[in-house]
Amino acid sequence: MRFSRTITFPALLLRTSGVVFVSACLAASTQLPPSQVKITTDGKYRRIQANGIPDHTPGQFPNRNNPNVIAPQNYDYKVPLKPQVAGKPVAYRMQPFGIAVNGVVFDPFAAEWWKGDPGSGWQYEPHGGAINLGLDSSNAHVQPNGAYHYHGIPNGLLEKLGGDQPKMTLIGWAADGFPIYGPWGYSEAKDAGSGLKKLATSYAIKQGARPTGSPGGKYDGAFVNDYEYIEGAGDLDASNGRFGVTSEFPAGTYYYVLTNEYPFIPRQFAGTPDASFERRGPPGGGFGPPPGGRGRRGGPGMRPPPGFPPPPF
């Protein structure tokens, strides 16, 4: 894999034809092994192999709301080098949404349900305030199997890649092969000279009260169901992405954006996720029941600029 620019990690970067190998020289914690990521391409797929150890300092784990210890994983994912937008959005089925360039997976949902019943259809939102998952400053926590994973913008990684200045930063790859960027993007999607801004999601909390047979009360963001997509309300489509140019794709591509507001990490795919993400990686999950014992662990666009492919809907 050849980059048009060098992505800097606190690591030794070895380059060979078609291969990038990243091996951290120093662990994020003295108790952790080094972060390791290997990325290869074969003309059709990008293969990402990693041990899932962050290359930035994680929070304290275990902690009061997350009892698990970070441990190495054995990730082996592949994504298409030339992803295609599907005829309609592809539903997310609790597999990792994608993987960061440092080998940590993106996992937006939590396996926390109203009354502890997935059949209720009311899933707690990790950032909604009703549950405490013990997230650290990089919006990450740890699964029972030791998998450290992101539920939102990975601030530690973003700072390493982009520093403190506004910058459009490639931070990972989605399971369908499209790139994932941090919150900054060009003001005009197709114009790299238009200046940068934080791109806005097009989701908002619904108005009014929840229906009968639900948790009741007003929509307040506690549940995934509390949010709705409002076409054209922000910069991004229902998959929290858009078509535009980037440093890595000067001719333009569809790309996802991580945001500080819901959905934080996209909750659906514009393309078709590779089956390797179905079979491996940690499921969404949480470990801090809502206050008062409410819940327990349980087992959607904008038009592209002229010259780009049709939208994903």
Side-chain angles (χ1 to χ4, degrees), residues 9-13 20-40 47-79 93-112 126 131-161 171-175 180 258 264-265 274-289 296-299:
F9 291 89
L12 175 65
L13 183 61
V20 172
F21 183 77
V22 181
S23 178
C25 297
L26 296 175
S29 167
T30 56
Q31 298 179 350
L32 294 177
S35 170
Q36 294 185 335
V37 184
K38 182 180 180 182
I39 302 174
T40 60
R47 185 179 181 184
I48 305 147
Q49 298 168 283
N51 67 355
I53 300 296
D55 62 343
H56 56 80
T57 303
Q60 179 64 49
F61 296 102
N63 60 46
R64 180 178 181 180
N65 294 292
N66 186 277
N68 305 308
V69 178
I70 300 173
Q73 305 299 301
N74 186 26
Y75 297 143
D76 191 353
Y77 297 123
K78 66 176 185 177
V79 299
R93 295 192 292 180
M94 299 296 286
Q95 72 270 42
F97 180 78
I99 186 166
V101 294
N102 65 352
V104 175
V105 295
F106 294 107
D107 195 356
F109 287 109
E112 298 276 3
I131 56 175
N132 187 334
L133 304 182
L135 301 178
D136 65 13
S137 61
S138 289
N139 293 297
H141 70 170
V142 188
Q143 291 289 346
N145 67 351
Y148 181 85
H149 59 285
Y150 299 124
H151 275 278
I153 295 176
N155 294 309
L157 173 61
L158 194 62
E159 183 177 349
K160 283 184 174 293
L161 296 178
I171 57 177
W173 303 97
I180 304 171
L258 302 191
F264 306 99
I265 294 173
D274 188 83
S276 62
F277 284 81
E278 287 276 346
R279 296 190 297 267
R280 299 191 178 197
F287 310 96
R296 294 291 187 271
R297 269 175 287 179

Can you confirm whether [X] sits close enough to [Y] that some side-chain heavy atom of one is under 4.5 Å from a side-chain heavy atom of the other?
X    : Y    : value
N145 : Q73  : yes
L157 : D55  : yes
P154 : V104 : no
S137 : N155 : no

> Under the 3.5 angstrom rule, does the side chain of N102 hit a backbone N or O of P54 as a donor-acceptor pair?
Replying inline: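 Checking the backbone N and O of P54 against the side chain of N102, no donor-acceptor pair under 3.5 Å is found.
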
> So, does N51 use its side chain to make a donor-acceptor pair with the main chain of P72 at under 3.5 Å?
Replying inline: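 No; zero donor-acceptor contacts below 3.5 Å.
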
>> Taking ring-ring contact (aromatic ring centres under 6.0 Å, His included) as the definition, give me every residue that meets it alongside F264, ordered by chain and number, with sequence neighbours left out.
In response: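 Only H127 meet the ring-ring contact (aromatic ring centres under 6.0 Å, His included) criterion with F264.
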
Would you compute the distance between atom [atom1] of [X] and atom [atom2] of [Y] and round it to the nearest 0.5 angstrom?
X    : Y    : atom1 : atom2 : value
N139 : H149 : CG    : NE2   : 11.0 Å
L258 : F106 : CG    : CZ    : 5.5 Å
L133 : N63  : CG    : CG    : 10.0 Å
R47  : D274 : CZ    : CG    : 11.5 Å
H141 : D107 : NE2   : CG    : 7.0 Å
I265 : H151 : CD1   : NE2   : 7.5 Å

> Mind checking whether F277 and Y77 have parallel, tilted or perpendicular rings, split at 30° and 60°?
Replying inline: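 Plane angle under 30°, so parallel.
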
> Can you name the residues that form a side-chain hydrogen bond (donor to acceptor under 3.5 Å, both in side chains) with D136, not counting sequence neighbours?
Replying inline: Y148

